[in-house]
Amino acid sequence: MPELPDVEIFRRYLNATALHQEIETVRVHHDRVLKGVSKATLQRRLKGQELDQTSRHGKHLFAALSKKGWLMLHFGMTGFLRYFQVEDKKPGHVRMELLFTNGYRLAYDCQRMLGQVSLVKDPYTFAEKEKLGPDALEGLDFDTFRTAVSGRRGSIKSTLMNQEVVAGIGNIYSDEILFQARLHPAILANTLKDKDFENLYQCMDRVWKESIDAGADPEAMPDDFLLPHRSEEESCPRCRGPVKKIKISGRSGYYCPRCQKKDRGQRTDDSKKQS
DNA sequence: AGTACCACCTGACGGC
DNA sequence: TGCCGTCAGGTGGTAC
């Protein structure tokens, strides 16, 4: 689940629940989710501190510690946050939890443990170190986007999903953005024209706005979104034709072959030149 | 600079 | 019922 819109919702959730409260205890139930920090260090560094503010870069969530440094959370494929008080509200795969002095807890649940919890200097330094591209939502202007994507030799889908190109787009939302832009996922990034980029950029912008407004819940998304119909049993929300599955760089993508043509009038352009 | 394949984990699902 | 292969929205490493 956790791509940019999901992580943005987690960030707002954390803001609305766990900010400005003293951390009394840190429980680590599974060391595997810790990256570059030991259980003891994490506990020592967080104890007595508060989470002051949050930040997000791509799929990474950061919470500033009142004293120094930031807590970094990455959610892998199955991670999420839950703020609760009573034990029976506790989700099933809590790997780490912060216990606050007010009796509430913030749990990091990650069933498959493909996510990461870490302590970092600050979000900017982390993004530099990890070679993350610009965040796909915040402060990504059109020229930066076009420069980052154009010239890449892979498919547009795998290029959008490359976190070094642009940070935050995963398998699901790359499908959605390409569906909205009516671009076939296998089109090569370096064959896109300026107007394709403008279209792609605007569609991405709309996908972020709508999906975040929907709380990243597929059920609450606009009727013309592909996201709730990612299955070959489903039909295209636009033309009602069959949805098709395709493997690209090892990932399963879904698209509408009628709305997203691979061959997009190259010949039309040529014939214009000739005539 | 790409892709293919494996690995890390758990769990759901379909076929037998 | 149980076993097995496959698949799942994350990333990282290696080989080509």
Side-chain angles (χ1 to χ4, degrees), chain A residues 1-10 28-36 56-62 72-81 91-96 108-118 120 126-127 129-133 135-136 147-179 185-192 204 207-208 211-212 214-221 225-234 243-255:
Chain A
M1 183 203 293
E3 299 181 35
L4 190 150
D6 312 278
V7 179
E8 178 59 22
I9 295 301
F10 296 161
V28 176
H29 301 103
H30 217 305
D31 293 31
R32 188 171 287 280
V33 298
L34 301 186
K35 188 176 179 209
R56 182 191 55 72
H57 189 106
K59 303 172 188 172
H60 294 267
L61 175 59
F62 305 88
M72 187 284 282
L73 300 170
H74 183 273
F75 298 92
M77 277 174 38
T78 54
F80 63 92
L81 297 174
H93 308 277
V94 176
R95 308 308 184 191
M96 192 271 303
Y108 169 84
D109 187 298
C110 195
Q111 182 189 102
R112 289 173 61 187
M113 294 188 288
L114 298 174
Q116 293 171 355
V117 172
S118 185
V120 302
F126 177 83
K129 240 185 238 174
E130 298 293 311
K131 296 185 188 148
L132 294 177
D135 181 73
T147 306
V149 176
S150 65
R152 292 267 164 181
R153 288 183 298 153
S155 69
I156 184 60
K157 178 172 169 67
S158 55
T159 302
L160 289 177
M161 285 173 65
N162 184 342
Q163 303 302 298
E164 293 183 22
V165 174
V166 163
I169 306 175
N171 198 25
I172 293 281
Y173 282 95
S174 61
D175 281 356
E176 189 62 55
I177 293 164
L178 292 171
F179 175 73
I187 291 170
L188 298 180
N190 62 10
T191 64
L192 294 184
M204 180 172 74
V207 167
W208 295 151
S211 58
I212 292 169
D217 173 8
E219 300 301 305
M221 286 178 195
F225 267 39
L226 176 70
L227 216 150
H229 312 285
R230 292 182 83 259
S231 154
E232 287 197 301
E233 270 75 66
E234 297 266 357
V243 168
K244 216 183 154 203
K245 185 175 178 177
I246 185 176
K247 270 262 196 259
I248 291 188
S249 298
R251 309 301 303 273
S252 313
Y254 292 87
Y255 72 107

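Below, read A as the first sequence line, B as the second, and so on, with proteins coming before strands; counting in each chain starts at 1. Being a predicted model, the structure only gives us computed values, none of them experimental.
- Listed nucleotides: C/dG9, C/dG10, C/dA8. Nearest to the side chain of A/Lys59: C/dG10.
- Within the 4.0 angstrom heavy-atom criterion, only backbone atoms of the sugar-phosphate kind lie near A/Ser155; the bases stay farther away.
- A straight line from CG of A/Asp109 to C1' of C/dG10 spans 15 Å, rounded to a whole angstrom.
- One atom, CG of A/Leu34, and another, P of B/dC8, lie 19 Å apart when rounded to the nearest Å.
- Between C/dC3 and B/dC8, the two C1' atoms lie 23 Å apart (nearest whole Å).
- Straight-line distance between the C1' atoms of B/dA1 and C/dG10: roughly 22 Å, to the nearest whole Å.
- Rounded to a whole Å, the CD atom of A/Glu8 is 18 Å from the C1' atom of C/dG9.
- Comparing C/dG12, B/dG2, C/dG10 against the side chain of A/Glu130 picks out C/dG12 as the nearest.
- Under a 4.0 Å N-O distance rule, the pair A/Arg95/A/Asp109 does not qualify as a salt bridge.
- Atom CZ of A/Arg251 and atom C1' of B/dG2 are 17 Å apart (whole Å).
- In this structure, A/Ser158 reaches the B/dT3 phosphate: one of its side-chain N or O atoms is under 4.0 Å from OP1 or OP2.
- Remark: C/dC3 base-pairs with B/dG15; criterion is Watson-Crick or G-U wobble with both hydrogen-bond distances under 3.5 Å.
- The shortest distance between the side-chain N/O atoms of A/Lys35 and the OP1/OP2 oxygens of C/dT11 is not below 4.0 Å.
- As rounded to whole Å, 16 Å separates atom P of B/dT10 from atom NE2 of A/His29.
- Contact of the A/Phe80 side chain with the A/Tyr108 side chain is not registered, since no non-hydrogen atoms from C-beta on lie closer than 4.5 Å.
- Set against B/dG11, C/dG10, B/dT3, the side chain of A/His93 has B/dG11 as its closest nucleotide.
- Between B/dC8, C/dT11, C/dG12, one nucleotide has an atom nearer to the side chain of A/His74 than all others, and that is C/dT11.
- By the 4.0 Å N-to-carboxylate-O rule, A/Glu8 lies close enough to A/Arg56 to be salt-bridged with it.
- Between A/Arg152 and B/dG2 there is a side-chain N or O to OP1 or OP2 distance below 4.0 Å.
- Checked against the 6.0 Å centroid criterion, the rings of A/His57 and A/Phe62 do not qualify as a close aromatic pair.
- The residue A/Gln116 sits apart from the nucleic acid: no heavy atom pair falls under 4.0 Å.
- Atom CG in A/Asn171 sits about 5 Å away from atom P in C/dG9, given to the nearest Å.
- With no hydrogens or angles considered, a side-chain donor-acceptor pair links A/Ser174 and A/Lys157 at under 3.5 Å.
- Between C/dG9, B/dG2, C/dA8, one nucleotide has an atom nearer to the side chain of A/Arg153 than all others, and that is B/dG2.
- Here the side chain of A/Tyr254 is nearest to one of C/dA8, B/dT10, C/dG10, namely C/dA8.
- As rounded to whole Å, 18 Å separates atom P of C/dT11 from atom CE of A/Met113.
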Q. Do A/Tyr255 and A/Phe179 pass the ring pair (Phe, Tyr, Trp, His ring centres under 6.0 Å) test, and can you show the C-alpha distance, the side-chain angles, and the key distance before you say yes or no?
A. CA-CA 6 Å; A/Tyr255 72 107; A/Phe179 175 73; 9.8 Å; no
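- Residue A/Lys245 places at least one side-chain N or O closer than 4.0 Å to OP1 or OP2 of C/dA8.
- Between A/Ser252 and the phosphate of C/dA8, there is a side-chain N or O to OP1/OP2 separation shorter than 4.0 Å.
- Regarding A/Ile156, its CD1 atom lies at a distance of 15 Å from the C1' atom of B/dG2, rounded to whole Å.
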